[in-house]
Amino acid sequence: MDTEIFIINGPNLNLLGRRENDIYGNRTLADIEILCKEKAESFPGASISFFQSNSESEIIGLIQQALDEASAIIINPAGYTHTSVAILDALLAVKKPTIELHITNIYNREDFRHKSLISKAVNGIICGLGAEGYIM
Ligand code: CA2
């Protein structure tokens with residue numbers, strides 16, 4: 001059976017590798033997409049659809065699209081992690097196996113990053129492992 005995984009990236013992650021490399025590392029989002037797709041090739045039948053949006057509305061649209069098109073979701077909601085009840089509600093409604101992912105360890109950063117509104121809707125969380133987290 002084919003397995004399609006949606007990898008959804010939130011606002012400002014399009015700047016990866018170009019700004020704040022000391023915090024987020026040197027890899028661009030395009031580099032990470034290639035690494036994820038290479039990794040998927042080692043799993044027969046698996047494929048990746050990789051997205052980035054700065055718009056909360058588009059991210060919700062992608063989560064809803066996953067209802068019919070994806071087996072699982074990996075999501076780095078970026079700044080919306082800490083603010084978006086609407087993204088939480090979309091994930092709760094769609095009920096796909098979901099991993100919340102953060103490049104940095106949100107628990108050793110500013111206090112406002114310690115709370116994720118999204119975590120209630122996910123099966124697991126990967127954070128603080130840099131771009132390698134996406135491969136895991
Ligand atoms: O660590 C993560 O992956 C975050 O989701 C990244 C978000 C941040 O708001 C979360 O607290 C943790 C920020 C993404 C911004 O990405 C940039 C990348 C390069 C330069 C500037 C911002």
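In each ligand, atom 1 is the first atom listed, and ligand 1 is the first ligand listed. Computed from a prediction, not measured in an experiment: that's the story for all the values here.
- Although no hydrogens or angles enter the test, the distance criterion places no donor-acceptor pair under 3.5 Å between the side chain of Asn123 and the main chain of Ile99.
- For Glu4 and Ser49, the side-chain atoms include at least one donor-acceptor pair closer than 3.5 Å.
- Residue-to-ligand polar distances place His82 within reach of ligand 1: an N/O pair is separated by less than 3.5 Å.
- Residue Ile23 does not touch ligand 1, judged by heavy-atom distances below 4.0 Å.
- Residue, atom and distance of the protein heavy atom nearest to atom 16 (O) of ligand 1 are Asn12 O, 3.5 Å.
- Looking only at heavy atoms of the protein, atom 8 (C) of ligand 1 is closest to Arg113 NH1, 3.2 Å.
- By the 30° and 60° cut-offs, the orientation of the rings of His102 relative to His82 is parallel.
- Taking every heavy atom of Leu13 and a limit of under 4.0 angstrom, the matching atoms of ligand 1 come to 14 (C), 16 (O).
- Regarding atom 1 (O) of ligand 1, its nearest protein heavy-atom neighbour is Thr104 OG1, 2.5 Å.
- The shortest N or O to N or O distance between Tyr24 and ligand 1 is not under 3.5 Å.
- Here the heavy atom of the protein found nearest to atom 7 (C) of ligand 1 is Ala78 CA, 3.6 Å.
- Considering backbone and side-chain N/O atoms, Arg19 never comes within less than 3.5 Å of an N/O atom of ligand 1.
- Between Glu132 and Arg27 there is a salt bridge, with a side-chain nitrogen of the basic residue lying less than 4.0 Å from a carboxylate oxygen of the acidic one.
- With rounding to the nearest 0.5 Å, the separation of CG in Leu92 from CD1 in Ile118 is 9.0 Å.
- Every residue two or more places apart in sequence or in another chain that forms a ring pair (Phe, Tyr, Trp, His ring centres under 6.0 Å) with Phe51 is listed here: Phe6.
- Between Ile103 and ligand 1, at least one pair of N/O atoms sits closer than 3.5 Å.
- Looking at Glu20, His102, His114 and measuring to atom 4 (C) of ligand 1, the nearest heavy atom belongs to His102.
- Under 4.0 Å from ligand 1, heavy atoms of Leu15 appear from its side chain as well as its backbone.
- Remark: Glu33 pairs with Lys37 by the salt bridge (charged side-chain N to carboxylate O under 4.0 Å, His left out) rule, at least two apart or across chains.
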